[in-house]
Engineer: 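Handing you a structure now.
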Amino acid sequence: MVKIKLPDRNVLEYSRRVRPLDIAADIGPRLAKATIAAVADGQLLGADTLLPSEGEIEFRLLTKKDPEALDVMRHSCAHVMARAVMRLFDGVQLAFGPTVDNGFYYDFYCEHPLSDADFPKIEAEMARIVKEDGPFERIEEPREKAIQLCTELGQTLKVEHIQEGLADQETVSFYRQGEFLDLCRGPHVPSAGAIGAFKLLSVAGAYWKGDASKQQLQRLYGTAWFDKKDLEEHLQRLEEAKRRDHRVLGKQLELFLIDPEVGSGLVLWLPKGATIRRELEGFIYGELIKRGYQPVYTPTIGRVHLYETSGHYPYYADSQFPPIEMSDGDRYLLRPMNCPHHIRIYQSKPRSYRDLPLRIAELGLVHRFEQSGEISGMTRVRGFTQDDAHIFCTEDQVADEFRGCLDMTQFVLSTLGLNDYRVRLSFRDPKSDKYVGDPANWDKAEAALESVCRDLGLPNLEIEVGEAAFYGPKADFVASDCIGREWQLGTVQLDYNLPGPERFNLEYIGPDNQPHRPVMIHRAPFGSLERFTGMLIEHFAGAFPLWLAPEQARVVVVSQKFEEYARRVEQTLREAGLRVSGDYRPEKIGAKIRDAQLALVPYMLVIGGREQENGTVALRDRIDGDLGALAVQEVIEKLKAEIAERKTRQAN
RNA sequence: GCUGCUGUAGCUCAGUCGGUAGAGCGCGUCCUUGGUAAGGACGAGGUCAUGGGUCCGAAUCCCAUCAGCAGCUCCA
């Protein structure tokens, strides 16, 4: 006798082994038809999986309305896609076909190089399979039989996987759908007809089991939804992301440039982008100073010996620009990080516990030779400016310093309208021996970091054991932009390595008049100005809030007759510290407004006969439109107030 | 770095079977002087990414290099 406990607290009892589908049918025929899969004691099952005949089971049926069902359906859709590809092309070797956020992919080897030109054909074949509505049948086989089966099917990757990846399994499961048989854990939808609207999105390379030394495969990405409407909304979201792409907007709005003649992954900030950056820098420095950081400036190169001491050279030799060899044999490295320079500042004189915490900050330009395939726009580059600072403090000060870093990050992100972010705490794996420093210090530090995060009531706090750097625990900031995409921004890292005797051997004199070792905190809460600006471009879709806008206001004249007065107005605003330009072309007013609108200028100052006569301007808001006539001084005050407040209005 | 795709005017892109280069926007000049998202006319702009090759002839076909895009792998 098995007791099936349903979510509505009803309990069904069976004396035989039943399938979720049988249970659904006992509840009602409509439910049976709608059932996609089930969850039994937290485990996702196919609708035709036999349940045990004994015990109690917390049981839940999944229909289209349940998010887990969508995942099951996408997995089935991946199978249908693979089946379609096998029907269309010869010699297909199946690898893996899992689901991912919003979709799925399938990796396979196929001699025919797939391109998006093949998509309509594959989609048509998939549609045919869905229409045929063939059932997904689960088959369990002992390992030996399964290996034989896959060998017969010529699926050598699957054979390898059973032999290596599934070596500990007694039996393995297959799913059959017509002529298509695939090694798969499942579950799947009952039949292909349950698959809703789908679309293939892209094709890319992938390696067998993610290992670059192994076989290169082709990966087909697709998305699937129960409703056509959901699919369309998803495709629209992808379009929206494309429209906001900082690489496109950066070119369109003349914010930055990447020139092959200068080098791949090296950003040239154009005047408008540089203006945004200067505002951000001013804002960040202002906060740092308020919070007791001291600015320093240090060079972008240093002697290789310095990086040998830090241990980063030659460990990261592959991802650094090679050293510069001098005629006297000295060698210099383009710095890949700022910490060694800051450490030398710490070491420039004896330090007392009274000096701690010492916080030194620099927007430090560093260079790393990222792999060519890794480079993208402003977000993955070879030269970037970290909003870096190093805090040298005592063990006891770690928690407060960490709290300060979180607090500053929170403040700056919220100023930019990024209120949705999470912190990922990475701790060591106590079983591993790859970590440096005293385990007792680690325990203390990890507990301190966690309690700070709990105190601050951070939502979505995650703790990842085994993800810490070898030299200390760290916290990473992941912010969501206004369309819900996540950006890994910066990091706060405790460091027991660089201050240690093997490295720089840092000291301070304690109250006991004895030398002690400080703890070092590396923190770059926004990562880099390049990456952060790239993210902001996408977050605001190029329409920056007034305080950041490269062009804050544009004077537009109704006719050239009013140019003289308008130029005086423009100059008055400029002298008041506003970034203003004037459009005096012999164009119609509608055209000038349209151009300013498309250039995402926050305010337009429309000037015609009436304004000239009254000494006013007609203010036009990019978002709200015509605000009517105002005295020039009123406009200046209004804009300056909005700037001082660092107000963010609707992102787009 | 690997796999696939792409590279044509400042920008977005078209260019058939290999026969010697096109559009829209932008830009310039002139006309128009206007009231809140496109006034009109004319004009200038290209070593078809770079370097080789095949061919009577290459933007077009082949190879290499560089760069970009989608992924994969890596990331102090």
Side-chain angles (χ1 to χ4, degrees), chain A residues 100 105 107 109-110 112-118 201-221 242 245 247-248 251-254 257-265 307 310-313 315-320 335-340 366 368-377 380 382 386 388 469-472 474 488 491 493 495 497-498 522 524 527 556-563 584-599 604-612 618-622 624-629:
Chain A
V100 291
Y105 65 80
D107 283 350
Y109 173 80
C110 172
H112 170 80
L114 290 163
S115 75
D116 45 16
D118 297 313
L201 296 178
S202 61
V203 58
Y207 302 105
W208 171 233
K209 303 205 165 176
D211 183 340
S213 69
K214 291 192 167 146
Q215 195 168 359
Q216 176 87 40
L217 307 170
Q218 300 196 63
R219 174 173 295 181
L220 261 182
Y221 279 90
K242 221 192 251 174
D245 190 323
R247 295 165 300 190
V248 176
K251 190 184 264 189
Q252 227 169 60
L253 301 171
E254 298 184 345
L257 176 72
I258 289 164
D259 179 6
E261 202 59 37
V262 173
S264 177
Y307 303 96
S310 75
H312 290 103
Y313 183 90
Y315 190 70
Y316 289 107
D318 283 351
S319 44
Q320 288 165 9
R335 71 170 170 199
M337 80 287 293
N338 305 306
C339 18
V366 298
R368 296 178 185 177
F369 194 77
E370 301 288 352
Q371 298 185 60
S372 60
E374 206 41 67
I375 289 168
S376 170
R380 291 293 285 177
R382 285 181 173 158
Q386 294 178 314
D388 210 356
F470 73 91
Y471 49 77
K474 60 174 183 166
Q488 154 102 47
T491 183
Q493 306 185 350
D495 188 345
N497 179 48
L498 292 182
H522 309 246
V556 295
V557 285
V558 170
S559 139
Q560 288 178 310
K561 280 186 281 191
F562 316 112
E563 179 169 343
Y584 305 108
R585 292 173 303 164
E587 268 301 341
K588 286 169 79 164
I589 184 72
K592 294 183 201 177
I593 284 172
R594 180 173 191 270
D595 288 344
Q597 201 71 35
L598 293 176
M604 284 158 251
L605 280 58
V606 180
I607 290 176
R610 294 197 293 272
E611 290 76 21
Q612 178 171 310
L619 189 62
R620 185 182 207 279
D621 184 297
R622 191 186 66 82
D624 295 335
D626 192 2
L627 300 180

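Lettering follows sequence order; numbering is per chain, from 1. What you see is a predicted model; the values in this text were computed from it and never measured.
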Engineer: Distance check needed: B:U3 C1' versus A:Tyr109 OH, whole Å only.
Structural biologist: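 The answer, rounded to whole Å, is 12 Å.
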Engineer: For residues 586-597 of chain A, which side-chain N or O atoms pair as donor and acceptor with protein atoms under 3.5 Å away, sequence neighbours left out?
Structural biologist:
residue, atom, partner, partner atom, Å
A:Lys592, NZ, A:Val557, O, 2.9
A:Lys592, NZ, A:Arg585, O, 2.9
A:Asp595, OD2, A:Arg585, NH1, 3.3
A:Asp595, OD2, A:Arg585, NH2, 2.8
A:Gln597, OE1, A:Arg620, NH1, 2.7
A:Gln597, NE2, A:Arg622, O, 2.7

Engineer: Round to the nearest Å and state the distance from A:Gln371 atom CD to B:C2 atom P.
Structural biologist: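 After rounding, the reported distance stands at 10 Å.
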Engineer: Return the minimal non-hydrogen interatomic distance between A:Tyr584 and A:Gln560, and the atom names on each side.
Structural biologist: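 For A:Tyr584 versus A:Gln560, the nearest heavy atoms are O-NE2, 3.0 Å.
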Engineer: What's the gap between B:G24 and B:A38 when it is taken at their C1' atoms, as a whole Å value?
Structural biologist: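 So the two C1' atoms sit 13 Å from each other.
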Engineer: Report the distance from atom OG of A:Ser559 to atom CD of A:Gln612, rounding to the nearest 0.5 Å.
Structural biologist: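 A:Ser559 atom OG to A:Gln612 atom CD measures 9.5 Å (nearest 0.5 Å).
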Engineer: Could you give the distance separating B:C13 and B:C69 at their P atoms, to the nearest angstrom?
Structural biologist: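 B:C69 and B:C13 have their P atoms separated by 14 Å.
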Engineer: How far does the P atom of B:C42 sit from the matching atom of B:C25, given to the nearest Å?
Structural biologist: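 Comparing P positions in B:C42 and B:C25 gives a spacing of 13 Å.
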Engineer: Got a donor-acceptor pair under 3.5 Å from the side chain of A:Ser310 to the base of B:A76?
Structural biologist: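 Between B:A76 and A:Ser310, which were checked side chain against base, a qualifying N/O pair under 3.5 Å is absent.
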Engineer: Suppose we call a contact any N or O donor and acceptor under 3.5 Å apart; does that hold for the side chain of A:Gln597 and the base of B:U36?
Structural biologist: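 Check fails, no donor-acceptor contact within cut-off.
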Engineer: Does A:Gln320 reach a base, just sugar-phosphate, or nothing at all? Heavy atoms under 4.0 Å.
Structural biologist: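 Result for A:Gln320 = base.
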Engineer: Just by distance, do the side chain of A:Arg219 and the backbone of A:Asp107 share a donor-acceptor pair under 3.5 Å?
Structural biologist: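 No: the side chain of A:Arg219 does not pair with the backbone of A:Asp107.
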Engineer: Once rounded to the nearest 0.5 Å, what's the spacing between atom NZ of A:Lys561 and atom CD1 of A:Ile607?
Structural biologist: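 Answer for the NZ-CD1 pair, A:Lys561 versus A:Ile607, is 15.0 Å.
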Engineer: Quick one: list whatever passes side chain to side chain donor-acceptor pair (under 3.5 Å) with A:Asp495, sequence neighbours left out.
Structural biologist: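 With neighbours one apart ignored, the set is A:His522.
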Engineer: Can you tell me if A:Gln320 uses its side chain to pair, donor with acceptor, with the backbone of A:Ala317 under 3.5 Å?
Structural biologist: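 No; zero donor-acceptor contacts below 3.5 Å.
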Engineer: When you compare the side chain of A:Tyr471 with that of A:Leu498, does any pair of heavy atoms fall below 4.5 Å?
Structural biologist: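 Not in contact.
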Engineer: Distance check: side-chain N/O of A:Arg620 vs OP1/OP2 of B:A37, anything under 4.0 Å?
Structural biologist: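 Yes, such a contact exists.
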Engineer: Taking B:G68 as the reference, what is the distance to B:A49 when you measure between their C1' atoms (whole Å, please)?
Structural biologist: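 B:A49 and B:G68 have their C1' atoms separated by 11 Å.
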Engineer: For the C1' atoms, the ones on B:U33 and on B:G26, what distance do you get once it is rounded to whole angstrom?
Structural biologist: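 Between the two C1' atoms, the distance is 23 Å.
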Engineer: Could you give the distance separating B:C55 and B:G10 at their C1' atoms, to the nearest angstrom?
Structural biologist: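 35 Å, rounded to whole Å.
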Engineer: Could you tell me which non-hydrogen atom of A:Gly377 sits nearest to which non-hydrogen atom of A:Arg247, and how far apart they are?
Structural biologist: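 Closest heavy-atom pair between A:Gly377 and A:Arg247: CA-CG, 3.6 Å.
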Engineer: Which atom pairs link the protein and nucleotides 7-14 of chain B when you take only N or O atoms and keep those under 3.5 Å?
Structural biologist:
none

Engineer: Taking all non-hydrogen atoms of both residues, which atom of A:Gly608 and which atom of A:Phe562 are closest, and how far apart?
Structural biologist: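 That closest heavy-atom pairing would be CA-CD1, 3.6 Å.
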Engineer: In Å, rounded to the nearest 0.5 Å, how long is the span from CZ of A:Arg335 to OG of A:Ser310?
Structural biologist: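 Answer for the CZ-OG pair, A:Arg335 versus A:Ser310, is 13.0 Å.
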Engineer: Which nucleotides of nucleotides 64-72 of chain B have their base under 4.0 Å from a protein heavy atom (B), which only their sugar-phosphate (S), and which neither (-), written as one string 5' to 3'?
Structural biologist: ---SSSSBB
Engineer: Classify every nucleotide of nucleotides 26-35 of chain B by which part a protein heavy atom approaches to under 4.0 Å, writing B for the base, S for the sugar-phosphate alone and - for neither, in 5'-to-3' order.
Structural biologist: ------BBBB
Engineer: Rounded to the nearest 0.5 Å, what separates atom OH in A:Tyr207 from atom CG in A:Leu217?
Structural biologist: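 Rounded to the nearest 0.5 Å, the OH-CG separation comes out at 10.0 Å.
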Engineer: Could you measure between the two C1' atoms, the one in B:U50 and the one in B:A41, and give it in whole Å?
Structural biologist: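 About 40 Å, rounded to a whole number of Å.
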Engineer: Using 0.5 Å steps for rounding, measure from the CD atom of A:Glu370 to the OG atom of A:Ser264.
Structural biologist: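 Here the interatomic distance stands at 11.0 Å.
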Engineer: Rounded to whole Å, please give me the gap between CD in A:Gln386 and P in B:C75.
Structural biologist: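 In whole Å, B:C75 P and A:Gln386 CD are 17 Å from each other.
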Engineer: If I take atom OG from residue A:Ser319 and atom CZ from residue A:Arg382, how far apart are they, to the nearest 0.5 angstrom?
Structural biologist: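 Going from the OG atom of A:Ser319 to the CZ atom of A:Arg382 covers 11.0 Å.
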Engineer: Does the base of B:C74 carry an N or O that pairs as donor and acceptor with the side chain of A:Arg368 under 3.5 Å?
Structural biologist: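 Check fails, no donor-acceptor contact within cut-off.
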Engineer: By the rule that syn is within 90° of 0, classify the base conformation of B:G45 as syn or anti.
Structural biologist: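 Nucleotide B:G45 adopts syn.
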Engineer: Mind checking the C1' distance from B:U16 to B:G71? Whole angstroms is fine.
Structural biologist: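 One C1' to the other, the span is 33 Å.
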Engineer: Let's test your reading of the pairing rules: Watson-Crick or G-U wobble, both distances under 3.5 Å, then write RNA chain B as a dot-bracket string with ( ), [ ], | and dots.
Structural biologist: (((((((..((((.....[..)))).(((((.......))))).....(((((..]....))))))))))))....
Engineer: Using a 4.0 Å heavy-atom cut-off, does A:Arg335 contact any base of the nucleic acid, only the sugar-phosphate backbone, or nothing at all?
Structural biologist: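 Contact class for A:Arg335: none.
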Engineer: Is A:Arg368 reaching over with its side chain to a backbone N or O of A:Pro336, donor-acceptor style, under 3.5 angstrom?
Structural biologist: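 Looks like yes, one N/O pair under 3.5 Å.
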